[in-house]
Amino acid sequence: MDKTFDPSRVEAQWCQTWEADGCYQPSGSGKPYSIMIPPPNVTGTLHMGHAFQHTVMDALTRYHRMAGFDTLWQPGTDHAGIATQMVVERNLKLAGEPSRAELGREKFLDKVWEWKKYSAGTISQQIRRMGSSVDWSREAFTMDPAYSKAVVEHFVRLHEDGLIYRGKRLVNWDPVLQTAISDLEVVQEEENGKLWHFRYPLANGATYVNAEGETLGYIVVATTRPETMLGDTAVAVHPEDPRYSALVASKATVMLPLCNREIAIVADDYVDPAFGTGCVKITPAHDFNDYALGQRHKLALINVLTKAAAINDDVPEPYRGLDRMVARKKIVADLEADTTYPNCHSGESRNPESESAQLDPGFRRDDEVGEGAAAGAKPAKPVYPRGLVDKIVDHKLKVPRGDRSGAVLEPYLTDQWFVDLTRESRHDGQPGKGGRLAITQPAIDAVESGRIRFVPDNWKTTYFHWLNNIQDWCISRQLWWGHRIPAWYDDAGNVYVGRSEEEVRAKYPELGGSDGSRPALRQDEDVFDTWFSSDIWPMATLGWPDNTEALKKWYPSSVLVTGFDIIFFWVARMVMMGQYFQQDVPFKDVFITGLVRDPEGNKMSKSKGNVLDPLDVVDGITLDALIAKRTTGLMNPATAPKIEAKTAKDYPKGIEAVGVDALRFTFAALATNGRDVRFDAARAEGYRNFCNKIWNASRFVLINVGALDAETGAELPSPFGRGAGGEGTQLDENSLLVSAESLTPTPLPEGEGHYTLSTADRWIISRLQKLEAEAAAHFEAYRFDLLAASLYQFIWNEYCDWYLELTKPVMQGSDELAKRGARRTLVRVLEVWLRLLHPIMPFITEEIWQKVAPLAGKTGSTIMLEPYPVANSARIDEAAEADVEWLKGFMLGVRQIRGEMDIPPGKPLPVLIQNASAADAERIARFAASVSFLARLESIRVLNAADEAPQSATALLGSMKILVPMAGLIDKAAELARLAKLKAKLENDLKMNEARLASDKFVNGAPPAVIDKERARVAQQKAELATLTEQEASISAL
RNA sequence: GGACAGUUAGCUCAGUGGUAGAGCAUCGCCUUCACACGGCGGGGGUCACAGGUUCAAGCCCUGUACUGUCCA
């Protein structure tokens, strides 16, 4: 064994061995435990977020496998419709190859499959390298034939049950990707824009009187989207708005400028009379609210846009074919130039300087909007153009953009497929429940009833809020990559839904062609929303719709580990489908992880250039290579210098290789419930060091039981079996009792009399039981951070820092029984904590366990399949723990003196003890050898009360004084300063505590146990203070 | 506008009623025979702010400020 742990040497080998030996597959016995991997998108490679979640899932999987469950971790990937199609299109563009449109559907899909193969291959390699113990024999892809069959099946069944409908409705349209998307794929971003106020002339010379008493022949409407005015079919006011009631009552109409269409003035509660002028232009075909209002008032729908969001041909000639933004400018300019409506120009003499006197209250309100939005900046003065443009003000508005393309979306009228999630009864009028009762409510119930538990719990609020405000789900996409919708149309446009064309024809006699004539059918060109295939992931990967053994055994799965960002997209929808088709939840727990962020707390993204490949942390990467990775293939190459600077700042020396185990441990340690994770490379390096510590502690143990040569580090041959160089027979556990000197195994009978356990042995065994109990509790609560902290603290600070040190004097001593006890304990405790650590650090634990296990009497072939350690409370030994605490205190005292007096660590010290209690004296006698060895003492002498102490530096252990004679060497000032510091702190505490005890409130109100504790503490502190004062006096007297 | 989360040592974070903890960073000493990716010792915090409950508050309650996220 090398002095330094080399992760790369062991990782590759164990991945292969475990997989080849079938260790990742379910055992076939025990209670079922299953985790369905959230299938990564085949859009590229895995990022830190995946590595983080996979670490959590693998820890859970390995833990439950070791704990005896029949454990399945189901792997697979997601075709990720839009995302993947976009990646492939971009790659074609970068490579200068023909575009999607040029290739045509079939050839383009060949390209996507090619990419899928590459991406899924990379992903599976990454998963393998991280040591994730997924059952590869069950690997799935959302477009596998069997999976696709399930997707079709769940669509058809929902359709048969009247829960899916097709309809012409306003949807969110992405004019770049040219597809509909669901509400969830829309991101609303606040952006700077304008609010244009237009004068719409009243038809037939009608007039009204505004709040200022002016008689006007026009009404003013405000809009953020002038181009949509071409599709206006009404102007709306509030029914109780006195300004317009006469107009409404007289059925006055408006002449829509530029189009010369007469449109109605309607009254509707939707209008906020206090906003703007209280008049709203209504464009039912291009706004969700206007659409709803239009439905109420039976307004015409005039679509003015093409699929690419240019102006279509249903509008006056000058605007046809213009891009929407070009059209916007032209429309504003044309309105400004329009002087054909004589009644509309009375206000043109308005002087901007005296605006406030002349503007009606509605205008002032608009100005305030501009002001507030500018967040403290001086509001831009409104502009008062001429013609039909009344006013233009700056305005902040929410702009809807597609989450994938970033394009500004249009509400657009198209035929789409929807899942009904809102109706009480079936949309088609047939008897039966509608989507709200059949799908949405059961999904709410599943969490409300506690059958699904969110960890952390607060995420269920988010879940409920969404489900309680849910809209129908648009599941069709105008893409090529995905599951073709199983619907067929005849020439008359009738639609038939079925599992296949054959089924459709068989189902509808008129299509069957019994007379030989088969009417032509063409399949729907569209594909499903990706989430309308991953919503059955927990079922379909187990063989649904067939009721397979796997489905029976592992459905519902045990826990879903995922990010909060897909609670709506995926989590809720799996619950819906699971409840609907299996009448059961898809998982019992949902463990929501935080996001992995960069060191500044920013989300990692390619465009920001702050992504990290987990394997670059594992294997290390130079700064130059990292910069190169982050700045190639950028959508916007201009950002490269910025990215380079930030990368150089975050990782000035690149990233050091830490190995898989250290990265996994880092993730575990940072997995605090409900918080995002700022990735910290220094932390990972710290845990790399931890691996090295583990490695060397194990070397120490192996050397001490004689399995490793202390000089050369070479494994000694045979009797210790594997790890010793191949061959070698398995010995019984007593072999570890063989002394280092004689390597010929001399089996010794086990049991009393053949070894003795020291206080240190009993202490570490006791501490181990507590660690085991903590580990179980932390797994139960998904507290991987606390689990990691417990393991780290035990292994480094207890096992290495104290226990190993405490065995050294024993090993150098002559008590053979004690040596055997120490060797036995060293090996066995090590073997146990290797197993405790294994779920987080699989590789190093396996590598070491192979060598250690035989010495601890273990015969298994892999640590992976060994039982997870369980606490045995009978082995908790509080007395031993108290003894070791005392011993640590003693050591600390001596070390402090050594440190502060600048005494070289190697110089043996004579120590005198004053004020020792009987218990102290007994412990001194018992631990003299250990303490002398560890503290490098020359001697320990307990003074009698009458004995005069020489000039010394002093430490306190309770009221016992540990004296290190300084024989004239003492730095009087330094020692006095040290004592003064101790004293000041003590006096402060004492004062506070005495005040507390003197308070009637405390004495009367606090529980007796607390008061007793406080009294004891005060007594203790008084004694210590007295000792210190005494010591101070004696030093001063020198 | 609503909801949720956060605010603790220079940094990243634990800590759900009994005198503030870890890792990293920092300072000093030490190439002691498992480990310098190490050992030993030290310094460093009025727990965002203001009230309240309690014998006792980082922790419970109310409010405020700031940060972040989601929703409208």
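The basis for the numbers below is simple: all heavy atoms, side chains too, and nothing from hydrogens, waters or symmetry mates. Order of the sequence lines fixes the chain letters, A, B, ..., with proteins taken first and strands second; residue numbering starts at 1 for each chain. Please read these numbers as outputs of a predicted model, since none were measured by experiment.
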Exercise for review: Would you check if there is a donor-acceptor pair between the side chains of A:N797 and A:Y792 at a distance under 3.5 Å?
Suggested key: no

Would you name the heavy atoms of [X] and [Y] that are closest together and state the gap between them?
X      : Y      : answer
A:A443 : A:Y463 : O-OH, 2.7 Å
A:R573 : A:F568 : CD-O, 3.7 Å
A:S182 : A:C474 : CB-O, 4.2 Å

Nearest-angstrom distance, [atom1] atom, [N] to [M]:
N     : M     : atom1 : answer
B:G39 : B:C33 : C1'   : 14 Å
B:G51 : B:G68 : P     : 28 Å
B:C59 : B:G6  : C1'   : 15 Å
B:C13 : B:U8  : C1'   : 9 Å
B:G28 : B:U64 : C1'   : 45 Å
B:C35 : B:U19 : C1'   : 37 Å
B:G17 : B:C60 : C1'   : 8 Å
B:U7  : B:U12 : C1'   : 14 Å

Protein-nucleotide distance ([X], atom [atom1]; [N], atom [atom2]), rounded to Å:
X       : N     : atom1 : atom2 : result
A:F700  : B:U32 : CZ    : P     : 16 Å
A:R1015 : B:C55 : CZ    : C1'   : 13 Å
A:N797  : B:A22 : CG    : C1'   : 9 Å
A:K985  : B:G44 : NZ    : P     : 11 Å
A:L804  : B:C35 : CG    : P     : 12 Å
A:N468  : B:A3  : CG    : C1'   : 13 Å
A:I795  : B:G23 : CD1   : P     : 14 Å
A:F454  : B:A3  : CZ    : P     : 20 Å

Revision key, fill the gap. Between the CD atom in A:E685 and the CG atom in A:D680, the distance rounded to the nearest 0.5 Å is 9.0 Å

Check your understanding: Of the options A:W459, A:F454, A:Y782, which is the one that meets A:F591 in a ring pair (Phe, Tyr, Trp, His ring centres under 6.0 Å)?
Key ->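 It is A:Y782; the other options fail the test.
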
Would you mind classifying the nucleic acid contact of [X] as base, sugar-phosphate or nothing, using non-hydrogen atoms under 4.0 angstrom?
X      : value
A:Q812 : nothing
A:A789 : nothing
A:N458 : sugar-phosphate
A:C691 : nothing

Practice item. Hunt down any stem RNA chain B takes part in, defined as 3 or more consecutive Watson-Crick or G-U pairs whose two distances are each under 3.5 Å. Key: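 If one scans RNA chain B for consecutive Watson-Crick or G-U pairs, the stems found are B:1-7 with B:65-71, B:10-13 with B:21-24, B:26-30 with B:38-42, B:48-52 with B:60-64.
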
Can any side-chain N or O of [X] pair as donor or acceptor with the backbone N or O of [Y] at less than 3.5 Å?
X      : Y      : value
A:D661 : A:F843 : yes
A:T55  : A:R664 : no
A:R898 : A:A935 : yes
A:R699 : A:K3   : no

Check your understanding: So do A:K1022 and A:E994 actually touch side chain to side chain, heavy atoms under 4.5 Å?
Key -> yes

Exercise for review: Map A:S698 and A:K1001 onto RNA chain B by nearest heavy atom, then report which one ends up closer to the 5' terminus.
Suggested key: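 Going by which nucleotide is closer to the 5' end, it is A:S698.
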
Exercise for review: Evaluate salt bridge (charged side-chain N to carboxylate O under 4.0 Å, His left out) for A:D598 paired with A:K608, printing each intermediate quantity in order.
Suggested key: CA-CA 10 Å; A:D598 77 356; A:K608 279 189 203 138; over 6 Å; no

Exercise for review: Please list all pairs passing the ring-ring contact (aromatic ring centres under 6.0 Å, His included) test where one or both residues lie in residues 654-678 of chain A, with sequence neighbours left out.
Suggested key: A:F52-A:F667, A:F665-A:Y687, A:F665-A:F690

Listing time: all N or O pairs from protein to nucleotides 69-72 of chain B that are below 3.5 Å?
residue: B:A72; atom: N6; partner: A:K398; partner atom: NZ; Å: 2.8

Practice item. Might you work through the salt bridge (charged side-chain N to carboxylate O under 4.0 Å, His left out) test for A:R828 and A:E831, ending with a clear yes or no? Key: CA-CA 5 Å; A:R828 292 186 174 221; A:E831 192 276 332; over 6 Å; no

Revision key, fill the gap. With B for base contact, S for sugar-phosphate-only contact and - for none (protein heavy atoms under 4.0 Å), nucleotides 36-42 of chain B reads -BSSSSS

Review point. Which parts of nucleotides 8-21 of chain B does protein reach within less than 4.0 Å, heavy atoms only, written one letter per nucleotide 5' to 3' as B for base, S for sugar-phosphate only and - for none?
Key: ----BSSS--BB--

Point to revise | Salt-bridge present (A:K808, A:E805; N to O < 4.0 Å) | key: yes

Practice item. Output yes when at least one side-chain N/O atom of A:K460 is less than 4.0 Å from OP1 or OP2 of B:C4, else no. Key: no

Point to revise | Any residue meeting side chain to side chain contact (heavy atoms under 4.5 Å, CB included) with A:D6, in chain and number order, not counting sequence neighbours | key: A:S8, A:R9

